[in-house]
Amino acid sequence: MIRSAAQKLSESGVPGASFSNVLELSGASRGAIYHHFPGGKEELIAEAIAYVGDGALAYLQKAAGLPAVEVVDMYGRMWRRVLVSGNFKGGCAVAAVVTDSESEPLVEAAAAIFRSWRTALEELLVDGGTPVAEAPALAATVVATLEGAMLLSRAEGDIEIFDLIAGQLRSSLVHS
C-alpha cells in the first residue's frame, strides 16, 4: 500500500493518492488500509514519502567514494529512471506533497526529506572532492535543478530536456 501510494503521488499528486486509488493499485482490502493507517490518508502519504525518501538515500549511499561529478550523475540517473519507467507520467512524490498538500505536517515532512537528500549529497560531494564551503550550495543546486528538469521533461513528455539540463549540470561541475 505504501509503494502504491508513492506511485500515485508521483503520477497524480495528493488528490490521486486517495484510499480508493491506492487500494485499486495495490489490491489490498479496504479493511487493511484502515487497519494499517488509522490516521487516514495523511498517515499513508507520510509513510509513502518517507519510503521514497529512504529509497533515494539508500541509492545515494551507493555513490560513496565516487568523484563529485559521478555522485551528481548517479543522482540524475535515479530521477531519469523514474521519468522513463513511468513513461513521463511520474515524478517526485515528495515534490507532489509540497505542491499539492494543504497539510502543514506533510509539507514539513517533505521539507525534511529534501534536507536529508541535500545533506547526503553534501557529504558525498565533499568526499568526492568538492570544497566543504561549496558543498551546501552545490547540493541544493543539484536537487533543485533535477527536480525542475523532471517537471519540464514530464510536461514535454520527452527525456531530451532532462538530459540537456543534467548534461549542463555535469558540464558546470567538470569545468569548475
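Please read all numbers here as calculations on a predicted model, not as lab measurements.
With hydrogens and angles disregarded, no donor-acceptor distance shorter than 3.5 Å links the side chain of Lys89 to the backbone of Ser10. One N or O on the side chain of Arg154 and one on the backbone of Glu11 form a donor-acceptor pair closer than 3.5 Å. The backbone N or O of Arg81 lies less than 3.5 Å from a partner atom in the side chain of Ser85, making a donor-acceptor pair. Proximity of a side-chain donor or acceptor of Ser26 to a complementary backbone N or O of Met1 within less than 3.5 Å is not detected. At distances below 3.5 Å, not a single donor-acceptor pair connects side-chain atoms of Ser171 with backbone N or O atoms of Gly167. Side-chain N or O atoms of Asn21 include one that pairs as donor or acceptor with a backbone N or O of Gly16 at under 3.5 Å.
Aromatic rings of Phe19 and Phe37 (six-membered ring for Trp) have centroids beyond the 6.0 Å cut-off, not under it.
Hydrophobic clustering of Ile, Leu, Val, Met, Phe, Trp and Tyr side chains at less than 4.5 Å, counting indirect connections, unites Val82 with Val98. Cluster membership check: Leu66 shares its hydrophobic cluster with Val69, using side-chain heavy-atom separations under 4.5 Å among Ile, Leu, Val, Met, Phe, Trp and Tyr. Linking Ile, Leu, Val, Met, Phe, Trp and Tyr residues whenever their side-chain heavy atoms come within less than 4.5 Å leaves Phe162 and Leu151 in two separate clusters. In this structure, Val174 is a member of the same hydrophobic cluster as Leu146, with clusters built from ILVMFWY side-chain heavy atoms closer than 4.5 Å. Put simply, Leu25 and Leu44 are part of two different groups of oily side chains (I, L, V, M, F, W, Y) that touch within less than 4.5 Å, one to the next.
Heavy atoms only, all atoms of each residue included: Gln61 and Ala120 are closest at NE2-CB, 4.1 Å. Heavy atoms only, all atoms of each residue included: Glu122 and Ala139 are closest at CG-CB, 3.6 Å. Summarising the geometry of Val142 relative to Leu121, their closest heavy-atom pair is CG1-CD1, 4.1 Å, with the distance given to 0.1 Å. The two residues Ile49 and Ala110 come nearest to each other via the heavy atoms CD1-N, 3.8 Å. What you find for Leu9 and Ala93 is that their closest heavy atoms are CB-CB, 3.7 Å. Heavy atoms only, all atoms of each residue included: Pro38 and His35 are closest at CD-O, 3.6 Å.
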Give the intermediate values and the outcome of side chain to side chain contact (heavy atoms under 4.5 Å, CB included) for residues Ile165 and Leu152. CA-CA 10 Å; Ile165 293 168; Leu152 292 173; 3.8 Å; yes

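With rounding to the nearest 0.5 angstrom, the CD1 atom of Ile2 is 14.5 Å from the CD atom of Gln7. Separation of atoms OG1 (Thr130) and CD (Glu123) is listed at 13.0 Å; rounding is to 0.5 Å. In this structure, Cys92 SG and Met150 CE are separated by 5.0 Å, a value rounded to the nearest 0.5 Å. With values rounded to the nearest 0.5 angstrom, Arg3 atom CZ is found 5.0 Å from Tyr51 atom OH. Atom-to-atom distance recorded for Arg77:CZ and Arg80:CZ is 10.5 Å, nearest 0.5 angstrom. Note that the CD1 atom of Ile161 and the OG atom of Ser153 stand 8.0 Å from one another [nearest 0.5 Å].
Within the 4.5 Å cutoff, no side-chain heavy atoms of Met74 are placed close to those of Leu124. Counting heavy atoms from C-beta on, the side chains of Leu125 and Val72 come closer than 4.5 Å. A 4.5 Å side-chain heavy-atom check between Val52 and Ile113 finds every atom pair outside the cut-off. Put simply, the side chain of Leu138 reaches to within 4.5 Å of the side chain of Leu173, judged on heavy atoms.
Taking a 6.0 Å sphere around CD of Glu24, one finds it holds 12 or fewer heavy atoms contributed by other residues, nucleotides or ligands.
Within the structure, the ring pair (Phe, Tyr, Trp, His ring centres under 6.0 Å) test picks out no pair touching residues 85-113 (sequence neighbours left out). A side chain to side chain donor-acceptor pair (under 3.5 Å) check over residues 93-119, counting only residues at least two apart or in different chains, returns the pairs Glu42-Ser103.
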